[in-house]
There are 2 protein chains.
Amino acid sequence: MTVGHARGGSLLTALSDAGARVTEPRRAVAALIGAQDGHFTTAQLLTAARLEYPGLGRATIFRALDLFTSLGFVERMDLPGGGHAWVACETAHHHHAICTRCGRSTEVDDHGLADVLASVAGRSGFRVTTHRLEVFGTCASCLAATA
Amino acid sequence: MTVGHARGGSLLTALSDAGARVTEPRRAVAALIGAQDGHFTTAQLLTAARLEYPGLGRATIFRALDLFTSLGFVERMDLPGGGHAWVACETAHHHHAICTRCGRSTEVDDHGLADVLASVAGRSGFRVTTHRLEVFGTCASCLAATA
DNA sequence: GTCCATGTGAGACACAGTATCAACTAGAGA
DNA sequence: TCTCTAGTTGATACTGTGTCTCACATGGAC
Ligand SMILES: [Zn+2]
Ligand SMILES: [Zn+2]
Ligand SMILES: [Zn+2]
Ligand SMILES: [Zn+2]
């Protein structure tokens with residue numbers, strides 16, 4: 001499995017490139033993430049871990065998630081209810097369209113959003129440093145299944 | 001103080017309009033929210049409550065926050081770090097530009113964003129039901145203060 | 001004023017994430 | 001290959017945030 005392969009290297013090679021060790025627990029977390037379909041919550045990941053890698057520590061999973069996030073291979077997103085979920089990412093900066101029915105998420109690029117942000121900045125004198133956009137709805141295949 | 005006055009009525013009148021009781025604790029929470037400058041975290045609100053309204057229950061504050069949210073007078077937003085904050089809102093649907101220096105937030109309307117969402121839908125066959133945009137940066141007055 | 005659905009506070013609880021620390025190990029260098 | 005050490009790990013305890021329960025209180029309709 002390869003998380004973030006679009007960036008040209010596997011997560012594990014990226015780890016050593018970043019000076020971080022390629023350890024057995026990190027391999028396990030990477031495998032768990034790769035096995036997830038669409039976005040996943042920490043709870044789901046922890047459950048999967050308990051089954052497939054008993055002995056893998058809770059804290060280690062959170063630490064790996066943080067590390068992978070800082071490397072850009074995974075991204076945290078905010079669910080409408082207030083909880084958090086994660087997605088394995090392919091590209092540097094983007095947003096997610098999350099299907100509330102099947103849970104899969106599609107990446108959305110910034111096309112057009114930059115203009116929106118520019119107009120926010122222009123009108124108010126606000127200097128934008130970060131932004132976050134999340135889109136929720138129903139994906140094409142779930143729509144087809146319903147119809 | 002009036003929260004959400006742009007909608008034509010005070011929060012308290014809206015409560016009775018919605019069939020909810022106008023109680024002393026809810027008045028207190030409304031006053032606390034009105035006294036906040038910009039967005040605020042639950043922790044901040046709880047601290048303020050302990051000072052100004054000792055005896056006001058923790059759960060009651062969360063309940064009031066939920067109620068006010070469902071009435072659209074307050075909105076929960078996601079901070080970059082993963083925590084949550086709240087803002088008193090003036091208009092129905094909008095987004096926030098949050099100054100990471102002074103904490104104030106400005107409302108941002110959907111101008112242009114609708115097009116972005118439409119293009120997301122158009123290209124992928126995704127049907128958008130909800131979305132969330134949050135913009136972080138430095139506000140005009142904080143920029144001026146720094147310069 | 002009476003009455004009861006609605007709302008309240010205290011405290012127990014569930015859950016997510018963090019801090020600590022002794023033990024372990026990846027991987028660089030001899 | 002062997003050694004050594006900084007980086008990493010798992011157990012455990014802990015904090016913080018938000019929820020649940022339930023006996024008690026109260027808003028507001030009548
Ligand atoms: Zn779907
Ligand atoms: Zn973006
Ligand atoms: Zn500011
Ligand atoms: Zn919008």
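None of the values given here were measured: they were computed from a predicted structure. Every chain is numbered from 1 and lettered A, B, ... according to where its sequence line falls, protein lines coming before strand lines.
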_Spacing of A/Arg50 atom CZ and A/Leu45 atom CG [to the nearest 0.5 Å]_ = 10.5 Å
*Considering just the side-chain nitrogens and oxygens of A/Thr23, establish if one lies under 4.0 Å of OP1 or OP2 belonging to D/dG7.*
no
*Heavy-atom pair of closest approach, residues B/Arg26 and B/Ala20*: NH1-CB, 3.8 Å
*So does A/Arg26 reach the base of D/dT8 with its side chain, donor to acceptor, closer than 3.5 Å?*
no
*Side chain of A/Arg21, base of D/dG7: donor and acceptor closer than 3.5 Å?*
yes
*Hey, are the side chains of B/Val87 and B/Val74 touching, using non-hydrogen atoms and a 4.5 Å cut-off?*
no
*With side chains defined as the heavy atoms from C-beta onward, is the minimum distance between A/Phe62 and A/Leu46 less than 4.5 Å?*
yes
*asked:* Taking the nucleotide of DNA chain D with the nearest heavy atom to each, does B/Pro25 or B/Thr42 sit closer to the 5' end?
replied: B/Thr42
*Residues that B/His39 engages under side-chain hydrogen bond (donor to acceptor under 3.5 Å, both in side chains), provided they are two or more places apart*: none
*Where does the chain B footprint on DNA chain C start and end, counting 5' to 3' with a 4.0 Å heavy-atom cut-off?*
C/dA5 to C/dG9
*Grab the CG-C1' distance between B/Asp66 and D/dG18 for me, whole Å please.*
9 Å
_B/Ser16 side chain near D/dG28 phosphate (N/O to OP1/OP2, under 4.0 Å)_ = no
*Over all heavy atoms of both residues, which pair between B/Leu12 and B/Arg27 is shortest? Give the atoms and the distance, please.*
CD1-CG, 3.8 Å
_Residues within residues 45-64 of chain B bordering DNA chain C, heavy-atom distance below 4.0 Å_ = B/Gly55, B/Leu56, B/Gly57, B/Thr60, B/Arg63
*For B/Phe126 and A/Phe136, work out which heavy atoms get closest and say how close.*
CE2-C, 3.9 Å
*Answer whether the closest heavy-atom distance between the side chains of B/Phe68 and B/Leu15 falls below 4.5 Å.*
yes
_Between P of D/dG18 and CD of B/Gln44, the distance in whole Å_ = 12 Å
